[in-house]
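For the single chain, residues carry numbers from 1 onward in sequence order.
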Amino acid sequence: MSDEILNQLDCFKAYLASGRAPRWTMGTADIHGFLTGLAIAGPLPEEEWIPWIWSGETPQFDSDEEAWNVMCDLLDFEEQVRCSLGSYRILSAPLLPYAGDGQFVAADWAEGLMQAIAVNPGPWQRAVDLAEQSLAIVLAPCYDNHDSANAGLINLDGLDELNYHLRHLARVMQAAPGHANLPAKAA
């Protein structure tokens, strides 16, 4: 799953590198965390979540083709992330920036997940009520980012623990009455 995701977003990454993207556009780790949070809570229409990718600004594209390719990248990425909720590793190391010494930067990913909670806070009350410890562990790298000694870093054991709690959150949230999952798009 992660290798497939890493080979995606080529048009999006090229657009980011072009300098035309809004200043506070999410990076790939942020987007993965954001889309993971949205998928866990239940689907939202794309017109509600895509503006968050651009931090509320309007992206400027060189052409309709560039806009189309970037949006297709984002929508395909959303589908892959949503489908990954059933896998053992929802988040894998290659999706996170490597900091050296066996450490990965998880802070941006966790901040993306926190933004997903801000977009759709209602369903997350269930996580607070039934899986508070898992939610705290998954969001911890976001808060550790403000600690100069840690900077939101995790090692592979920490990533395994984070995945365990992500799977737990997904099960808790998806068991909620009325939770709707979008079906996977036809190929």
* Below 4.5 Å, heavy atoms only, C-beta onward: do Trp109 and Leu162 meet side chain to side chain? -> yes
* Determine yes or no for a side-chain-to-main-chain donor-acceptor pair under 3.5 angstrom, with Asp101 supplying the side chain and Gln103 the backbone. => no
* To do: Please answer whether the main-chain N or O of Ser87 pairs with a side-chain N or O of Ser84 as donor and acceptor at a distance below 3.5 Å.
  => no
* To do: Would you please test Cys11 and Tyr15 for side chain to side chain contact (heavy atoms under 4.5 Å, CB included) and show each step?
  => CA-CA 6 Å; Cys11 294; Tyr15 176 63; over 6 Å; no
* Is there a side-chain contact between Leu38 and Glu78 (heavy atoms, below 4.5 Å)? -> no
* Please check if the side chain of Arg89 supplies one atom and the backbone of Asn163 the other of a donor-acceptor pair under 3.5 Å. => no
* Any side-chain heavy-atom pair of Leu95 and Phe104 under 4.5 Å -> no
* To do: Locate the shortest heavy-atom distance separating Pro97 from Ala29; write the atom from each residue and the value.
  => CD-CB, 4.3 Å
* Asked: Of the non-hydrogen atoms in Val138 and Leu169, which two are nearest, and what is the gap between them?
  -> CG2-CD1, 3.8 Å
* Close side-chain approach of His168 to Val172, heavy-atom, < 4.5 Å -> yes
* To do: Decide whether Ile137 and Trp124 are clustered together by the hydrophobic rule: side chain heavy atoms of Ile, Leu, Val, Met, Phe, Trp, Tyr closer than 4.5 Å, transitively.
  => no
* Minimum heavy-atom separation for Ala99 to Val105, with atom names? -> CB-CG2, 4.0 Å
* Asked: Tell me, do Glu46 and Met71 make a side-chain contact under 4.5 Å, heavy atoms counted?
  -> no
* Asked: Closest heavy-atom contact between Thr25 and Ser55?
  -> N-OG, 4.3 Å
* Group every Ile, Leu, Val, Met, Phe, Trp and Tyr by side-chain heavy-atom contacts under 4.5 Å, then state whether Val128 and Leu139 land in the same group. => yes
* Rounded to the nearest 0.5 Å, how far apart are CD of Glu111 and CZ of Phe34? -> 13.5 Å
* Should we say atom CD of Glu132 is surrounded by more than 12 heavy atoms from elsewhere, each under 6.0 Å from it? -> no
* Would you kindly confirm whether Leu113 and Leu130 end up in one hydrophobic cluster when ILVMFWY residues are joined by side chain heavy atoms under 4.5 Å apart? => no
* Mind checking the CG-CD1 spacing from Leu166 to Ile90? Nearest 0.5 Å is all I need. => 5.0 Å
* To do: For residues Asp73 and Lys13, determine if any side-chain heavy atom of one lies less than 4.5 Å from a side-chain heavy atom of the other.
  => no
* Intermediate values then yes/no, side chain to side chain contact (heavy atoms under 4.5 Å, CB included), Thr36 and Leu91 -> CA-CA 9 Å; Thr36 299; Leu91 175 63; over 6 Å; no
* Between atom CH2 of Trp52 and atom CG of Asp30, what is the distance when rounded to the nearest 0.5 Å? -> 13.0 Å
* To do: Over 60° means perpendicular and under 30° means parallel, so classify the ring planes of Phe12 and Trp54, tilted if in between.
  => tilted
* Shared hydrophobic cluster, Leu75 / Val70 (ILVMFWY, side-chain heavy atoms < 4.5 Å) -> yes
* Asked: So with a 6.0 Å cut-off around OH of Tyr164, is the heavy-atom count from everything else above 12?
  -> no
* Asked: Taking the side chain as C-beta and beyond, is there a heavy-atom pair between Leu35 and Arg82 under 4.5 Å?
  -> no
* Structure fact -> Minimal heavy-atom distance between Arg23 and Glu57, with the atoms involved, is N-OE1, 4.0 Å
* To do: Supply the atom-to-atom distance Leu44 CG to Asn120 CG, rounded to the nearest 0.5 angstrom.
  => 4.5 Å
* Side chain proximity check, Asp10 to Asn69, heavy atoms < 4.5 angstrom -> no
* Structure fact -> CE of Met26 to NE2 of His32, rounded to nearest 0.5 Å, is 13.0 Å
* Structure fact -> Sorted by chain and number, sequence neighbours left out, ring-ring contact (aromatic ring centres under 6.0 Å, His included) with Tyr88 holds for none
* Asked: In terms of hydrophobic clustering (I, L, V, M, F, W, Y; side-chain heavy atoms under 4.5 Å; direct or indirect links), are Val119 and Ile50 co-clustered?
  -> yes
* Atom CD of Glu47: over 12 foreign heavy atoms under 6.0 Å -> yes
* Identify the residue among Arg171, His165, Glu161 that makes a side chain to side chain donor-acceptor pair (under 3.5 Å) with Ser134. => His165
* Asked: More than 12 non-hydrogen atoms from neighbouring residues, nucleotides or ligands closer than 6.0 Å to CG on Asp64, yes or no?
  -> no
